[in-house]
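Side chains are part of it too, since the values below use all heavy atoms of this structure and drop only hydrogens, waters and symmetry mates.
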Amino acid sequence: MENESVFSVGWEEWVALPALGIPAIRAKVDTGAQTSSLHAFSVHPYEKNGKNRVRFGLHPLPERPEIELYCEADLVGQREITSSNGETELRFIIRTLARIGDHEWPIEMSLTNRETMSYRMLLGRRALEGGLLVDVTRSCIQGTPDLSAYDSLPHVHAAERPLNIALLTGTPKSPTVDRLVDALEARSHAAHILDVNRCYMSIDGGQLDLFLNGKALPRFDAALPYLAAKDLTYGLALLRHLETMGVRSLNSSVALAAAWDRLHTSQRLARRGVPQPSTGVANAPDSNTHLIKLLGGAPLMLKILEGNEDRGSVVADTRKAADSVLNAMHGLRAHVLVQEYVTEAGGAALRCLMVGRKLVGCVSVQPPKSTNAGPSDSLAKRVMKKARPTIEERRIAAKAMAALNLQAAIVDLVRSENGPLVVNVDPAGAFEIFEGTSGLDVAGAIVSHLESRVGRGAGYSRKDR
């Protein structure tokens, strides 16, 4: 395409990618995005004749999910791309030819899972340089192609081959891990339980590998992290290593790091307008008195900054108790988040298990029926029953998940005079309580959502089938 000529395209166009064997794919033309992107699952980089290449699968037509293609392309490298929802992802970048009408030119595209998107391709402004004029008032200026080329492909359902799943955990023998393994094996997936404390990594000349007990681990299709606070630092390093290798995780390392930092969680919830109790943090001990006053005085909930559920949390019933705990924590060089305690909730909370943005199960957490029960009673002593949250509570829980870019987590709410408030978001909570109180297959729902994010069909070609 000559730079002197002007070629008009609409806000959406049909694009052919001949080098990838894609006869037509409908693309949204987005001048707000710098880099173009293409739907891809099961992305695997490799080397061929001294050149870096990448192999991936895709479903080019959302309305025809039975059509499944597998492509290979030159690999330019990897780049951090921030999507429109603010989530940053390390993506593989390919270089290939694009054709619209009778115009053909080279473009670079990032590979990402766009299974839930209306458009399986996004044409960014870099691809529009050199004479392309976008008419945002028109659609498919260059016409709609004949899609009969797809009819010659075998009409089969998307491949359902088992996936290699890396289950990252520091507690391999926990009931939660057992349930996840049961759910994976029930769907014929290969579950590899990786004790994060025993795995080790290597980086050699751009080649990344992961080892356990002296043996190199296989290439994984997806990662399913279930990390406790004590395993978080090294566990997240392992997860980032896998992500850099092109492995997609249920909850990304970035999302988990934010969710495990209670202050960061509170900041991101506030940015998205998610209601929560008044919160504060101070570093200097002489600021404690003013901070306690700023939050309206006791009772207050005090939480170690990194943690989940009620571990590392205590309720201070008086200002003196709050000041004492804060001074003790400062002496141990521990940072503490101070939060308004919602007295009218009476120690009760709603625990919502979210997968994607959907509520899978909900239980009410009630204090024990004892005249001596107080606000500082531990969660382990409380009574849990199946509950039905309101539409507003469901909306707030989903909004909290979106604010933290989490795909599976437990969102805790309390009912205050001003409406529901989010008091905790836990991406590694024990979900067996939901299965026990409701009979739901929560582990199955988590695995099903992981499948939808990764795509099933890695490693197959049409001639193999």
Side-chain angles (χ1 to χ4, degrees), residues 1 15-25 27 33-60 67-82 88-100 103-114 120-130 149 153 159 161 163-164 166 201-211 216-223 240-249 454-455 457-465:
M1 182 175 63
V15 182
L17 303 171
L20 300 180
I22 300 174
I25 184 169
Q34 183 172 343
T35 307
S36 301
S37 64
L38 180 67
H39 168 60
F41 59 83
S42 300
V43 182
H44 295 298
Y46 66 98
E47 187 176 309
K48 183 177 182 181
N49 299 327
K51 293 184 66 176
N52 291 323
R53 303 271 292 171
V54 66
R55 183 182 298 112
F56 59 94
L58 81 157
H59 301 121
I67 297 176
E68 185 175 289
L69 302 179
Y70 294 89
C71 310
E72 297 182 4
D74 288 335
L75 178 62
V76 175
Q78 288 181 280
R79 211 176 288 157
E80 284 193 342
I81 305 291
T82 301
T88 299
E89 180 184 25
L90 186 64
R91 299 181 187 174
F92 288 103
I93 307 296
I94 65 169
R95 183 181 292 113
T96 190
L97 290 174
R99 182 192 299 145
I100 299 179
H103 286 67
E104 185 173 284
W105 74 104
I107 65 170
E108 288 187 357
M109 290 189 293
S110 69
L111 301 179
T112 186
N113 195 311
R114 298 178 61 86
R120 297 297 160 89
M121 181 177 171
L122 190 74
L123 206 59
R125 60 178 180 270
R126 276 186 179 174
L128 303 174
E129 296 173 351
L153 298 173
R161 93 158 172 91
L163 301 174
N164 274 331
M201 302 165 275
S202 73
I203 304 172
D204 184 10
Q207 178 68 34
L208 280 72
D209 289 297
L210 196 61
F211 299 85
L217 291 169
R219 181 166 293 279
F220 296 108
D221 296 304
R240 283 191 292 269
H241 197 76
L242 286 169
E243 288 172 335
T244 306
M245 294 166 68
V247 178
R248 194 173 182 87
S249 177
V454 176
Y460 274 81
S461 67
R462 290 199 171 271
K463 66 179 181 180
D464 290 335
R465 292 203 300 270

For the backbone of [Y] and the side chain of [X], can you confirm whether one donor and one acceptor N or O come within less than 3.5 Å of each other?
| X | Y | result |
| --- | --- | --- |
| Gln78 | Thr244 | yes |
| Asn164 | Asp221 | no |
| Ser37 | Ser110 | no |

**Request:** Dump the intermediate steps for side-chain contact (heavy atoms from CB on, under 4.5 Å) on Arg53 and Leu75, then the final yes or no.
**Result:** CA-CA 5 Å; Arg53 303 271 292 171; Leu75 178 62; 5.6 Å; no
Indicate the atoms forming the closest heavy-atom contact of [X] with [Y], along with that distance.
| X | Y | result |
| --- | --- | --- |
| Leu97 | Pro18 | O-CD, 3.7 Å |
| Arg95 | Glu108 | NH2-OE2, 3.0 Å |
| Gly57 | Tyr70 | CA-CD2, 3.6 Å |
| Ser36 | Ala127 | OG-CB, 3.5 Å |
| Val247 | Phe220 | CG2-O, 3.5 Å |
| Leu20 | Glu72 | CD2-O, 3.4 Å |

**Message:** Evaluate Thr96 against Leu38 for side-chain contact (heavy atoms from CB on, under 4.5 Å), listing each step before the verdict.
**Reply:** CA-CA 11 Å; Thr96 190; Leu38 180 67; over 6 Å; no
Quick one: does [X]'s side chain get under 4.5 Å of [Y]'s, heavy atoms only?
| X | Y | answer |
| --- | --- | --- |
| Thr35 | Arg126 | yes |
| Ile203 | His241 | yes |
| Gln34 | Arg125 | yes |
| Met109 | Leu17 | yes |
| Ser249 | Leu242 | no |
| Ile81 | Thr112 | no |
| His39 | Ile25 | no |
| Val15 | Met121 | yes |

**Item:** Name of the residue among Leu111, Val43, Val76 meeting side-chain contact (heavy atoms from CB on, under 4.5 Å) with Ile94
**Value:** Leu111
**Request:** Please round to the nearest 0.5 Å and tell me the distance separating atom CD of Glu104 and atom CD1 of Ile107.
**Result:** 10.5 Å
